[in-house]
Structures are given as C-alpha cells and as structure tokens.
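Note sheet for the following structure.
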2 protein chains.
Amino acid sequence: MKKTVRSEIDGIPERLRSFGVRPLTHRVDVYRYLIEQNNHPTADMIHNDLVKILPSLSKTTVYNVLNHLCEKGAVHRVNVEQHEARYDAMIHDHVHFKCRLCGKVYDLDEIPFPTIDPPTDYSIEIVQVIIGGICPDCQTG
Amino acid sequence: MKKTVRSEIDGIPERLRSFGVRPLTHRVDVYRYLIEQNNHPTADMIHNDLVKILPSLSKTTVYNVLNHLCEKGAVHRVNVEQHEARYDAMIHDHVHFKCRLCGKVYDLDEIPFPTIDPPTDYSIEIVQVIIGGICPDCQTG
DNA sequence: AATTAACTTTGAAATCACTACAAAAAAAAG
DNA sequence: CTTTTTTTTGTAGTGATTTCAAAGTTAATT
C-alpha cells in the first residue's frame, strides 16, 4: 500500500505550481499554514508555530519563502502597521480591518471592495483598503 | 516696535492648540514642515532637513514630536511600506498613491474617497486607501 | 522674581524586524 | 552518479524606532 503524505491530498503543491512556485517542502508548509490559519500572521508568528513541528526550520527560511511567495503573487503582504509585515494567502481584493485593542486583523469579505478610479495618467497595480477601529469582540456595552 | 516671529503670523500654534497640542518650538517646526512640504516624509527626512536650520535638533525629538502629533490626531501616519513610517498633516480622508519606481507618495485629492460600510458590530476609527502603481512622471511611452 | 513641579530635549545604548552572506544540503539536469 | 543549480541555515549586519536618565524648559505657585 502506497504511503500518502498530506501534501498529496490537500492540493497545496498544485496551487503553488499554478503561481509558478516550485512546491518545496518548506514552501508548502508555510503556504498551508497561511491558508489554514487565515490569521494575517507576521513572519515571526509563522516561524514560532511551525518550528514546533519542524524543529530545523530557520527564521531566514521563513523570510525567504514569504518573499518568494509574494514575488510570485501567491501571497500578499499587508501593511497594517509600520514595524511588522503581515501575510495573507487570500489574494482576492478584500477590505482589511485591524482592531486597535486586540490587534487582530480581519478579512471583511462580506462587504464590497470599493472601486477606485485614479486620474488616467496613474497606472494601478494594487489597492489596499485598511480600516482601523474596534472589533466586535472588543466592544464594551 | 514689537518683534514678530514667524509662528505668530502663520497660525501654526493655534492649529496645534486646536488639537490639544501645546505649541512648543520643535512641535511647531515639525508641524509647519509637514504642512509646507506636503511630501509624506519619513522621520529621517524631516530630521535631515530641519537640522540644517536647527542644528541642535535631535532625531529622538523628531520621533517624540511625531508620536505626540499622531496621538493627538494632528498628523496621520501612513503605512505605505513596511520599513519606514511616513507622516501626513493633511488629515482629511484622501487616497494615497505610491509609485513603485520613484517611490513618491501622492495625495489623490481629486478623486472621491470611497465609502466603506463594515458590518455594524465593527466600529470604524480610520480608513486608509493606498494605491500602488506607476505615477505619471514614471510612465514610459 | 524665586521655588517647585511637570514636561521636553538630548544622545547613547538597546531593540527588533529584516537582509546579506557564505557554507552546507538538497534537488534537478545531464 | 556527477555536475550544476537552487535552497536552507546560522551568524553577523543594517536601519528604523524606542528606552533611559541626565540636563534643560516651561508652567504653576509663592
């Protein structure tokens, strides 16, 4: 009986290949983590969690993989704050909400993404919409 | 004849007071710089320019002043990139455009700011809209 | 004006995210 | 299976921002 590893059944390698990314093990691990957690983690959070399962994983590799995934367009970097980059595997246009109290970043998939029409002599590549405020969990009263 | 200093005629101290900011000299200097340049500078750019006129100005003071102005709402921090914070004294809602080639940040005052309606259990404090792309000056052809 | 209290400024040192680099390891090509 | 290319790793470096404590200013009170 043939041994089946997880990456063969969850389709992650194929998704990476569709972005022109060779599905090496650490790339698959980081990408799967981003998709499953859907948490907009920092590079540090990713490393902290994955190193428990992959003790040899270095932080440099996490940065390398994230930079590669961003270059290939498989992952987006979200600039919700000035010090730390956060990463998002949901690459369709959607509004981000950052809670000032708990710090969590939400995908607001349920509301429409605004249409922005800059003057024609500007050419758009990406549009980021980030709301800052208080999330439902942190409301008082 | 009474000596008149610049800050008495340009109304900067009053504008600062209206935000609950005591108009100390360095605060006035940094705030006036932001308003006059309207350039979305980094803390480093501000210090570099102002230290020519105010040789004793330390970089720490620039950071202190910027943090204070942001806390009081007189100035907004714009997160156009993950490494450096940029500062903007134009605090009305407007779209920002960051050119990938020359790095300049433009205020797109001429286009409408989108209306974003998050689910009612989220409370909005600020909305940032940042477009990435190529500016008119950097277009080829 | 003199005294005291509160706030600011300063510069050096520390912090923290991220990058550069070069050697070791792994994967792909021949 | 050998060679070439690509990845991984750890260490050391970089650069923006913060911390800290001493010195300097400003404001509040006699």
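Excluded from the calculations below are hydrogen atoms, water molecules and symmetry mates; all remaining heavy atoms, backbone and side chain alike, are included. Since the structure is predicted, the reported quantities are computational estimates derived from the model, not experimental observations. Here is the naming used below: chain letters follow the sequence lines, and residue numbers restart at 1 for every chain.
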Nucleotide C:dA17, atom P - distance to CG of A:N79 in whole Å: 16 Å
Base, sugar-phosphate or nothing for B:S56? Non-hydrogen atoms, less than 4.0 Å. sugar-phosphate
Determine the contact category for B:N64: base if any of its heavy atoms lies under 4.0 Å from a base atom, sugar-phosphate if only primed atoms, P, OP1 or OP2 are that close, otherwise nothing. base
Before giving the answer on side-chain hydrogen bond (donor to acceptor under 3.5 Å, both in side chains), spell out for A:D109 and A:H94 the whole-Å C-alpha distance, their side-chain angles and the decisive distance to 0.1 Å. CA-CA 6 Å; A:D109 283 304; A:H94 60 281; 4.6 Å; no
When the aromatic ring centroids of B:H40 and B:H96 are compared, is their separation below 6.0 Å? yes
Value in whole Å for how far the P atom of C:dC18 lies from NZ of A:K59: 9 Å
Kindly indicate whether the side chain of B:S58 and the base of C:dG11 share any N or O donor-acceptor pair separated by less than 3.5 Å? no
Where chain B begins and ends its contact with DNA chain D, read 5' to 3' at 4.0 Å from heavy atoms: D:dA16 to D:dA27
Would you mind reading off the distance between A:L66 atom CG and C:dA17 atom P, rounded to a whole angstrom? 14 Å
Bend of the helix from C:dA1-D:dT30 to C:dG30-D:dC1 from end-axis comparison, five pairs per end, nearest 10°, comes to 30°
Toward the 5' end of DNA chain C, by each residue's nearest nucleotide, B:V62 or A:H83: B:V62
Knowing that exactly one of B:D29, B:D88, B:I46, B:N39 qualifies, which makes a side chain to side chain contact (heavy atoms under 4.5 Å, CB included) with B:L34? B:I46
Does B:T61 have a side-chain nitrogen or oxygen under 4.0 Å from the phosphate oxygens OP1 or OP2 of C:dT8? no
